[in-house]
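Structure, as structure tokens:
Just so we're on the same page: letters track the sequence lines, and every chain starts at 1.
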There are 2 protein chains.
Amino acid sequence: MIRVMSRTPRHPTREQIELPLVLDCLSDPIRLAIVYQLAQQEPVSGELCCGDFNGLAGKSNLTYHFAKLRECGLMLTRVAGTNRFMRLRREDLEARFPGLLDAVIRSAAKDADRLQHLSECEVVKVD
Amino acid sequence: MIRVMSRTPRHPTREQIELPLVLDCLSDPIRLAIVYQLAQQEPVSGELCCGDFNGLAGKSNLTYHFAKLRECGLMLTRVAGTNRFMRLRREDLEARFPGLLDAVIRSAAKDADRLQHLSECEVVKVD
DNA sequence: CAATTGGTTCAAGAACTATTGAACATTATG
DNA sequence: CATAATGTTCAATAGTTCTTGAACCAATTG
């Protein structure tokens, strides 16, 4: 059996994004923290790579959560050399579920001090 | 052991409502359908009772899902005779997570024809 | 080319979730 | 009071999800 790890993994098309899967993905504290950190990065490059989340969980566990986030359509993975850069699929999500991602991120920001794994992130001011 | 079933069950306070639990609750297709139907009922009484959801699952399974929805703070159960009336905790949710519930309900309405259990609900026009 | 860095894959186990049916509790009705 | 209607509780089960560590792959660096 051949195992290839260098190709860009598969992502669902915009139309294949499903609401229950997205909500389920966001309901895990670690994945919520990943999404939150990616959202915070948007004013800058919008991208983070796996290593940037080392505080959240072990490497293989992170790979597992990244796969979930990718497969439900929340984020996109771009392979570049030995790194994988990830970003939120904001346009696709906005097209499918208007206002949802922002509502979740704002809710997470509001509760940042309560949510495990988010405490260590910079807190974004939300009037 | 005494089993009491006549009292109003416990609900979390507004402040006890937690984002990951709410999202997890909404990620189940049956529970999403329950929330959706409750939302559709809001222009009328806002209330539905257990029997109104008989199409979604068996009775004991519904009781299970109702408990989850109650315990995460999404809905409120009021005991009245042999019935239990349920309504969304819209004000509390809006206070804790502004815009979240509406974003989810609108997303569900948009995908009503795709989501299991929602097809049988009346479709609400969302410009 | 050897070693390092960055990340994936696989297998296994613990923990949790959803579903079902039978027994039960509570209230309303004839 | 007996019966029906409405919904809950409990136990069992099948399936799913998260987590971990060891082995691995690919690209970069010395």
Side-chain angles (χ1 to χ4, degrees), chain A residues 1-11 18 20-35 47-72 74-87 116-117, chain B residues 1-11 18 20-35 47-72 74-87 116-117:
Chain A
M1 219 246 267
I2 312 165
R3 290 189 287 172
V4 179
M5 302 195 293
S6 56
R7 280 196 283 267
T8 301
R10 264 192 218 127
H11 297 77
E18 304 260 24
L21 294 182
V22 168
L23 293 173
D24 183 52
C25 232
L26 292 169
S27 74
D28 181 277
I30 292 184
R31 291 192 293 263
L32 185 57
I34 293 170
V35 167
E47 287 187 323
L48 288 173
C49 68
C50 311
D52 295 324
F53 302 97
N54 280 336
L56 294 181
K59 274 160 55 146
S60 63
N61 195 13
L62 282 178
T63 297
Y64 165 76
H65 287 300
F66 293 147
K68 287 234 136 192
L69 286 163
R70 225 188 308 108
E71 287 162 11
C72 85
L74 268 166
M75 71 180 207
L76 192 137
T77 302
R78 176 173 72 84
V79 178
T82 163
N83 292 297
R84 273 103 210 274
F85 289 99
M86 294 171 300
R87 58 166 59 247
Q116 311 159 337
H117 310 295
Chain B
M1 220 248 266
I2 311 166
R3 288 190 288 171
V4 179
M5 300 196 294
S6 55
R7 281 196 283 266
T8 302
R10 263 192 219 127
H11 297 77
E18 303 261 24
L21 294 181
V22 167
L23 294 173
D24 183 52
C25 233
L26 292 168
S27 75
D28 180 278
I30 292 185
R31 290 193 292 263
L32 184 58
I34 293 170
V35 167
E47 289 187 322
L48 288 172
C49 68
C50 311
D52 295 326
F53 302 97
N54 280 335
L56 294 180
K59 275 159 54 142
S60 62
N61 194 206
L62 282 178
T63 297
Y64 166 76
H65 287 300
F66 294 147
K68 287 235 136 191
L69 287 163
R70 225 188 309 109
E71 287 162 11
C72 85
L74 269 167
M75 72 181 206
L76 191 138
T77 302
R78 174 173 73 84
V79 178
T82 164
N83 292 295
R84 272 101 208 277
F85 288 100
M86 293 171 301
R87 60 164 59 248
Q116 311 159 338
H117 312 294

Whole angstroms only, please: what is the [atom1]-[atom2] distance between [X] and [N]?
{"X": "B:His117", "N": "C:dA18", "atom1": "NE2", "atom2": "P", "answer": "12 Å"}
{"X": "B:Leu56", "N": "C:dA18", "atom1": "CG", "atom2": "P", "answer": "14 Å"}
{"X": "A:Phe66", "N": "C:dG7", "atom1": "CZ", "atom2": "C1'", "answer": "10 Å"}
{"X": "A:Arg7", "N": "D:dC25", "atom1": "CZ", "atom2": "P", "answer": "14 Å"}
{"X": "A:Lys59", "N": "D:dA22", "atom1": "NZ", "atom2": "P", "answer": "13 Å"}
{"X": "A:Met5", "N": "D:dC25", "atom1": "CE", "atom2": "P", "answer": "7 Å"}
{"X": "B:Phe53", "N": "C:dA18", "atom1": "CZ", "atom2": "P", "answer": "17 Å"}
{"X": "A:Arg70", "N": "C:dT8", "atom1": "CZ", "atom2": "C1'", "answer": "10 Å"}

Interatomic distance, B:Asn54 atom CG to B:Leu62 atom CG [nearest 0.5 angstrom]
6.5 Å
Find the distance between CG (A:Leu32) and CG (B:Leu23) and round it off to the nearest 0.5 Å.
7.0 Å
Under the side chain to side chain donor-acceptor pair (under 3.5 Å) test, residues paired with B:Glu47 that sit two or more places apart:
B:Arg78
Table of protein N/O atoms under 3.5 Å from nucleotides 15-20 of chain D N/O atoms:
residue, atom, partner, partner atom, Å
D:dC18, OP1, A:Arg31, NH1, 3.4
D:dC18, OP1, A:Arg31, NH2, 2.9
D:dC18, OP2, A:Arg31, NH1, 3.4
D:dC18, OP2, A:Tyr64, OH, 2.2
D:dT19, OP2, A:Asn61, ND2, 3.3
D:dT19, OP2, A:His65, NE2, 2.7
D:dT19, O5', A:Asn61, ND2, 3.4

Kindly write out the residues that satisfy side-chain contact (heavy atoms from CB on, under 4.5 Å) with B:Thr8, not counting sequence neighbours, or none if the list is empty.
B:His11, B:Val79
Could you tell me which residues satisfy side-chain contact (heavy atoms from CB on, under 4.5 Å) with A:Leu48, sequence neighbours excluded, listed by chain and number?
A:Gln37, A:Leu38, A:Gln41, A:Asp52, A:Phe53
Name all pairs fulfilling the side chain to side chain donor-acceptor pair (under 3.5 Å) condition that reach into residues 60-71 of chain B, sequence neighbours left out, sorted by first residue then second.
B:Arg31-B:His65, B:Arg70-B:Thr77
Within residues 78-87 of chain A, residues whose heavy atoms come under 4.0 Å of DNA chain C:
A:Thr82, A:Asn83, A:Arg84
For residues 80-87 of chain A, tabulate all N or O donor-acceptor pairs below 3.5 Å that involve a side-chain atom, not counting sequence neighbours.
residue, atom, partner, partner atom, Å
A:Arg84, NH2, A:Met5, O, 2.2
A:Arg87, NH2, A:Ser45, O, 3.2

With respect to A:Leu26, which candidate in A:Asp28, A:Val22, A:Asp24 satisfies the side chain to side chain contact (heavy atoms under 4.5 Å, CB included) definition?
A:Val22
Which pair of heavy atoms, one from A:Pro20 and one from B:Ser27, lies closest together, and at what distance?
CB-O, 3.4 Å
Below 3.5 Å between N/O atoms, which protein atoms pair up with nucleotides 1-3 of chain D? Just atom names and distances, please.
none

